[in-house]
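Report on the structure given below.
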Amino acid sequence: LNLDPVKTFTIPPTATSIILSFDLYEIDTWILPDCAYVYVNGDDGFIGLNYFNATDDGPKGNTTKNGIVWTSTPRGPPVNLGFNTSVDQIHHVVASIPPSVYQKGEIEVRLSTRISGFSSDVSAGW
């Protein structure tokens with residue numbers, strides 16, 4: 001059973017580009033193999049935000065199989081946002097989606113985290 005949040009967006013036929021942006025909240029004690037992923041129209045649009053930890057993760061970026069160019073940039077250094085005693089971090093993610101991805105007039109976005117610890121010790125928010 002997959003409980004990852006999924007949303008389908010209708011794209012106007014006159015759209016020449018799409019920018020998807022959001023913040024990922026890395027909350028409490030993230031350790032390997034804790035990670036976050038985004039899928040745009042399935043596995044070809046896999047955005048592997050990869051592993052995070054309690055240190056400054058720095059900027060990341062890549063291009064997916066279907067041509068989505070993405071970046072992830074910390075909004076600031078790790079700080080305690082008020083949850084447990086561990087530091088937290090906010091990552092701003094921006095993805096530029098080419099027209100070939102939304103030729104059918106829509107995109108499906110799935111947000112996914114893989115957390116190894118207990119929800120009282122580690123979590124994420126989108």
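Because the structure is predicted, anything quoted here is derived from the model rather than measured.
Annotation for Gln89 and Gly76: closest pair NE2-O, 3.3 Å, computed over non-hydrogen atoms. Shortest non-hydrogen contact noted between Asn41 and Val101 is ND2-O, 2.9 Å. Residues Ser21 and Val94 share a closest heavy-atom pair of CB-CG2, 4.0 Å. In terms of heavy-atom proximity, Pro59 sits nearest to Pro74 at N-CD, 3.9 Å. Nearest approach of Tyr39 to Ser112, heavy atoms of both residues: CE1-CB, 4.3 Å. Minimum interatomic distance between Asn80 and Ser86 (heavy atoms only, all atoms of both residues): ND2-O, 3.4 Å.
Residues satisfying the side chain to side chain contact (heavy atoms under 4.5 Å, CB included) criterion with Thr8, sequence neighbours excluded, are Glu106, Glu108. For Asn62, the side chain to side chain contact (heavy atoms under 4.5 Å, CB included) partners at least two apart in sequence or on another chain are Trp70.
In this structure, Ile97 and Leu20 have side chains that are in contact, with non-hydrogen atoms separated by less than 4.5 Å.
Residue Val38 is not grouped with residue Val6 when hydrophobic side chains (ILVMFWY) are merged at heavy-atom distances under 4.5 angstrom, including chains of intermediate members. Taking hydrophobic clusters as Ile, Leu, Val, Met, Phe, Trp and Tyr residues chained together by side-chain heavy-atom distances below 4.5 Å, Phe22 shares a cluster with Ile11. Note on Val40: it clusters hydrophobically with Phe9, by side-chain heavy-atom contacts below 4.5 Å among ILVMFWY residues. No continuous path of ILVMFWY side-chain contacts below 4.5 Å connects Ile68 to Ile19, so the two sit in separate hydrophobic clusters.
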Next item on the list: Given side-chain contact (heavy atoms from CB on, under 4.5 Å), test Asp4 with Tyr37 step by step and report yes or no.
Entry: CA-CA 10 Å; Asp4 292 338; Tyr37 306 111; over 6 Å; no
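The salt bridge (charged side-chain N to carboxylate O under 4.0 Å, His left out) contacts involving residues 74-92 comprise Asp23-Arg75, where partners must be two or more places apart or lie in separate chains.
The distance from the CD atom of Glu26 to the CG atom of Leu81 is 10.0 Å, given to the nearest 0.5 Å.
No donor-acceptor pair closer than 3.5 Å links the side chain of Tyr102 to the backbone N or O of Thr10.
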